[in-house]
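Hydrogens, waters and symmetry mates play no part in the numbers below; they use all other heavy atoms, side chains included. Each chain gets a letter, A, B and so on, in the order the sequences are listed, and its residues count up from 1. What you see is a predicted model; the values in this text were computed from it and never measured.
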Amino acid sequence: MIKSLIKKYLDECFLQGLEQGLWSDAAREVYAVEDPKFEGQGDYATNIAMVIAGKEKKATGKKMNPRQVAEQVVGLLEKNTTLFDKMEIAGPGFINFFIKESVWQSVIPAVCAAKDAFGRASEKNGKRVLVEFVSANPTGPLSVGHGRQAVLGDSIARLLEAVGYDVDREYYYNDAGRQMRVLGESTRARYLELLGLPFEFPEDGYQGDYIRDIAQSLVDTSGDGLKDEEDVTPFKEAAEKSIFKDIDGTLNRLDIRFDNYYNEHSLYENGLVDDVVASLREKGLVYEQDGAVWFKTTEFGHEKDRVIIKSSGEPTYRLPDIAYHREKFKRGYDWMVDIFGSDHIATVPDVMAGVTALGYDQSKVTVILHQFVTLMRDGQQVKMSTRKATFITVDELLDEVGTDVARFFFLMRKADSQLEFDLDLATKQSQENPVYYVQYGHARLAGIARTAGEKGADRGALDGASLSLLVEPEEQHILKAMAAYPTLVQEAALDLAPHKIVYHLQELAALFHSYYNKHRVIGDDKDLSRARLWLCESLRIVLHNGLILLGMSAPDTM
RNA sequence: GCGCCCGUAGCUCAGCUGGAUAGAGCAACGGACUUCUAAUCCGUAGGUCGCAGGUUCAAAUCCUGCCGGGCGUACCA
């Protein structure tokens, strides 16, 4: 919040300097307000003088001395703002800002007034965004890979909500197709097996125990009534229903709820798939060859054209994907976020070519391709195979580590990085586990307020608190980190990067634990105690908001 | 071969719209509990930011090439 204020003042000064002819327009919006790395370089710094000098040289050939420019900027800032204790020009032309203590202290009332809303913004109010994630076909329980995607997608959705977006969470699935047929056949085989009848298990069938469970429930409800059934449909449907129920249960355990389940099948039933082909054909982007229908993706710079309808008459996955994305556009979203595993990399360019060909603006779609998860146990990688059902399911993971730990670990890394999920670390109820580190910070803060209440030393009214007593360096650091939180939420939301919140929460917790060990909150000096209690309360609010934003709990005791 | 991602401390990773002396956690070592929860804190040690060029006042960050790892590269999804 302070940082964006400085940026605002800086922008004003830039424009004033522009009017006064001090510099040209070349550097507009290129400079930045940054966090200096070292003590003594102020609370914030800006590179504006160097940027102006640099751009000026490039644009007009005019040579400017960055330090002189810095002096001009400082002169303008002095007239416009009262935020600073002092400003210093340093190094090649940095301007270092030293913020007044009273400005930091004002963070407390700001946080306490906003409470749960601290860190939330309304700038995107009314904008609609669709977040598509998980989208696993109902052929089996969610694996840890899906788990990462589920948590990532949901947290991104929460972040977008926090900056004001109206968010729809959508799950796209296909219950037709070969995969599902094999699923049905696998179920039938297990069913016959349970009845003691001869059976043939499909070569590439699903071997997980969950198939046996589904078959058993069919035996329970239908006896041997299905033993001569030629059609695989009843088996398929039973399996689908049961698996979806499980998936739903798993997602619930992760505290994830979808607004909409979109069935690929409906695209066919409503003729939307055919319609896409017709539209592309009209534009001359489709041709027939070898009995198949091809989409001229080479027109969009791709290496080769792609088949969209096989010679068998069946569409490839690309076609409904394109139709689905066109529907997203038609539904009027301002932004569409797709979250896929990195194995979907090949489909993305084709779908983008498709929507572009149909006249939509592909820049409204952002695709996050997250890398894979490897599970580590006892220092060894846990090998997983979907077919052989040796994968670890999200449910098993949750049984072992719980929702908070699972969510936190899945969010610790940026999507681009492969994620190593260390079960040994995750199951540790103590010490090194970073989840407890953050939550313990919250619990401690809540505990301080409790103890104060019991001792009859509660914090009283905020109006009466002498916040100016909060002058310790540790207190300043905490105030500064709290002030940075809203900016961070914005950044994380627009970058679709929840891991930034994770890191910030760890930093907040570290600052607090350190403070806690060095200073006593409740003491003989009543005024100081009250001020510190308010500091703690506002920090508790920030930690609470951050944990909730990530879909975790903020415990009062541990 | 081609496309995308990754390569930073012993391990796992932040930092990458270029900024001033490279960060965290874990592991290692040494300390701190009669005091608001020690699931904590303090300190020590640990680095050619994969390699080589280039752009720049300034490169872990941008560009090019190479090396290593992952994922794709289907008339599978």
Side-chain angles (χ1 to χ4, degrees), chain A residues 29-30 32 34 36-38 41 45-47 50-51 53-54 57-58 66 90-94 96 135-137 139 174 177-179 264 289-294 302-304 306-318 320-321 341-349 369-372 374 376 379 412-422 424-425 428-441 443-452 454-455 457 495 499-500 502-503 506-507 509-510 512-523 529 532-533 536 557-558:
Chain A
E29 286 300 313
V30 187
E34 299 159 333
K37 284 181 193 159
F38 302 97
Q41 294 176 346
T46 179
N47 59 357
M50 289 173 295
V51 172
K57 194 173 148 198
K58 210 161 258 178
F94 289 102
N96 295 332
S135 295
N137 290 342
T139 57
N174 178 16
R178 203 186 65 89
Q179 273 187 356
E264 179 180 326
Q289 188 184 307
D290 305 328
V293 179
W294 296 70
H302 297 189
E303 206 178 335
K304 50 185 177 184
R306 299 291 183 180
V307 170
I308 50 175
I309 300 177
K310 297 185 246 178
S311 51
S312 66
E314 274 180 300
T316 63
Y317 62 88
R318 290 183 194 91
D321 274 4
S342 61
D343 54 335
H344 282 64
I345 179 71
T347 87
V348 174
L369 291 162
H370 70 268
Q371 299 292 314
F372 287 167
T374 49
M376 302 293 284
M412 274 201 296
R413 308 298 177 221
K414 62 174 184 235
D416 282 345
S417 293
Q418 288 181 40
L419 187 150
E420 186 164 297
F421 198 117
D422 186 342
D424 304 319
L425 182 59
K428 271 186 193 160
Q429 291 273 327
S430 63
Q431 297 233 356
E432 315 85 351
N433 195 326
V435 182
Y436 297 111
Y437 185 80
V438 175
Q439 290 185 320
Y440 183 50
R444 260 188 164 172
L445 285 159
I448 289 172
R450 257 194 323 271
T451 307
E454 286 159 12
K455 289 187 176 174
D495 291 353
H499 77 276
K500 294 189 175 186
V502 173
Y503 276 85
Q506 292 187 93
E507 190 191 328
F512 168 64
H513 287 310
S514 181
Y515 175 61
Y516 179 91
N517 273 273
K518 190 161 176 186
H519 302 286
R520 289 196 62 81
V521 173
I522 304 164
S529 293
R532 287 182 170 175
L533 282 165
C536 287
T557 56
M558 284 176 76

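- Heavy atoms of H302(A) sit nowhere under 4.0 angstrom from any nucleic acid atom.
- Of the side-chain N and O atoms in T316(A), none sit less than 4.0 angstrom from OP1 or OP2 of C76(B).
- Looking at heavy-atom distances under 4.0 Å, A45(A) makes contact with a base.
- With U35(B), C13(B), C41(B) as the choices, the nucleotide that has an atom nearest any side-chain atom of E420(A) turns out to be C13(B).
- No N or O donor and acceptor, one from the side chain of D343(A) and one from the base of G72(B), sit under 3.5 Å apart.
- Nearer to the 5' terminus of RNA chain B, by closest-nucleotide assignment, is the contact made by K455(A) (compared with the other of S342(A) and K455(A)).
- With distances taken from any side-chain atom of M50(A) to the nucleotides U40(B), A20(B), G19(B), the minimum falls on G19(B).
- Here the side chains of Y503(A) and K500(A) are not in contact, with every heavy-atom distance at 4.5 Å or above.
- No side-chain donor-acceptor contact under 3.5 Å links S514(A) to the backbone of A510(A).
- Base pairing of U35(B): no nucleotide in any strand meets the Watson-Crick or G-U wobble criterion (both distances under 3.5 Å).
- Taking atom CE on M558(A) and atom C1' on C36(B), their separation rounds to 17 Å, with Å as the unit.
- The same atom, P, is picked in G65(B) and in U21(B); the two are 31 Å apart, to the nearest Å.
- Nucleotides A74(B) and G3(B), compared at atom C1', are 16 Å apart to the nearest Å.
- Across U61(B) and G54(B), the matching P atoms stand 14 Å from one another, rounded to whole Å.
- No donor-acceptor contact under 3.5 Å links the side chain of N47(A) to the base of A58(B).
- Comparing A28(B) with G72(B), their P atoms sit 37 Å apart, to the nearest whole Å.
- Relative to the side chain of Q418(A), the nucleotides A77(B), G1(B), G69(B) differ in distance, and G69(B) lies closest.
- Which of C76(B), C75(B), A77(B) sits closest to the side chain of R178(A) comes down to C76(B).
- The same atom, C1', is picked in A14(B) and in C26(B); the two are 14 Å apart, to the nearest Å.
- At a threshold of 4.0 angstrom between heavy atoms, the contacts of A443(A) include nucleobase atoms, whether or not backbone atoms are also involved.
- For the P atoms, the distance linking A24(B) with G43(B) amounts to 11 Å, nearest Å.
- Side-chain contact between F94(A) and Q41(A) is absent, with no heavy atoms from C-beta onward closer than 4.5 Å.
- Classification of C13(B) as anti follows from a glycosidic angle more than 90° from 0.
- The closest donor-acceptor contact from the side chain of N47(A) to the backbone of A32(A) lies under 3.5 Å.
- Summarising the geometry, the separation between CG on N96(A) and C1' on G19(B) is reported as 12 Å, rounded to the nearest angstrom.
- Counting non-hydrogen atoms under 4.0 angstrom, D290(A) reaches a base of the nucleic acid.
- G7(B) and A52(B) have their C1' atoms separated by 16 Å, given to the nearest Å.
- With hydrogens and angles ignored, the 3.5 Å screen pairs no side-chain donor or acceptor of N96(A) with any backbone N or O of A45(A).
- Residue A346(A) is classed as a sugar-phosphate contact, given heavy-atom separations below 4.0 Å to backbone atoms only.
- Nearest nucleotide to the E34(A) side chain, out of G19(B), C76(B), A20(B): G19(B).
- Of all nucleotides listed (G15(B), U40(B), G70(B)), U40(B) comes nearest to the side chain of H513(A).
- Checked against G72(B), A77(B), A39(B), the side chain of E264(A) finds its nearest nucleotide in A77(B).
- In this structure, I448(A) atom CD1 and U40(B) atom P are separated by 15 Å, rounded to whole Å.
- The residue A90(A) sits close to a base: some heavy atom pair falls under 4.0 Å.
- Taking every side-chain heavy atom of K310(A) into account, C76(B) is the closest of U40(B), G19(B), C76(B).
- Between H344(A) and F372(A), the residue anchored closer to the 5' end of RNA chain B is F372(A), taking for each the nucleotide with the nearest heavy atom.
- When both pairing distances are held under 3.5 Å, G30(B) makes a Watson-Crick or G-U pair with C42(B).
- Of all nucleotides listed (A77(B), A14(B), G19(B)), G19(B) comes nearest to the side chain of P92(A).
- A distance-only check finds no donor-acceptor pair linking the side chain of R413(A) to the backbone of Q418(A) [under 3.5 Å].
- When rounded to the nearest whole Å, the span between OH of Y503(A) and P of C16(B) equals 12 Å.
- You'll find that the side chain of V307(A) is closest to C75(B), out of C75(B), C41(B), C2(B).
- With a 4.5 Å cut-off on side-chain heavy atoms, R450(A) and T557(A) count as touching.
- Following rounding to the nearest Å, L419(A) (CG) and G25(B) (P) show an atom-to-atom distance of 19 Å.
- Taking 4.0 angstrom as the limit, K414(A) places a side-chain polar atom (N or O) nearer than this to OP1 or OP2 of G15(B).
- Side-chain N/O atoms of Y317(A) and base N/O atoms of A77(B) include a donor-acceptor pair closer than 3.5 Å.
- A14(B) is unpaired under the criterion used here, namely a Watson-Crick or G-U wobble arrangement in which both key atom distances are under 3.5 Å.
- Summarising the base pairing, A20(B) is matched to no nucleotide, lacking a Watson-Crick or G-U wobble pair whose two defining distances lie under 3.5 Å.
- Nucleotide C2(B) has G72(B) as its partner under the Watson-Crick or G-U criteria, with both atom distances under 3.5 Å.
- Remark: C1' of C5(B) and CG of L369(A) are 9 Å apart, rounded to the nearest angstrom.
- Between Y437(A) and H513(A), the closest side-chain pair of non-hydrogen atoms falls below 4.5 Å.
- Look at the C1' atom in both G23(B) and C4(B): the space between them is 28 Å, to the nearest Å.
- Using a 4.0 Å heavy-atom distance criterion, Q41(A) is classed as a base contact.
- If you measure from atom NE2 of H499(A) to atom C1' of G15(B), you get 9 Å, rounded to the nearest angstrom.
- For Y515(A) and C36(B), the shortest distance from a side-chain N or O to OP1 or OP2 is not below 4.0 Å.
- Here G65(B) sits opposite C51(B) as a Watson-Crick or G-U wobble pair (both hydrogen-bonding atom distances under 3.5 Å).
- Rounded to whole Å, atom P of A74(B) lies 8 Å from atom CZ of R318(A).
- No hydrogens or angles were tested; on distance alone, a donor-acceptor pair under 3.5 Å links the side chain of S311(A) to the base of C75(B).
- Between the side chain of S311(A) and the backbone N or O of A292(A) there is no donor-acceptor pair closer than 3.5 Å.
- Residues Q371(A) and L419(A) form no side-chain contact, since every pair of their non-hydrogen atoms from C-beta on lies 4.5 Å or further apart.
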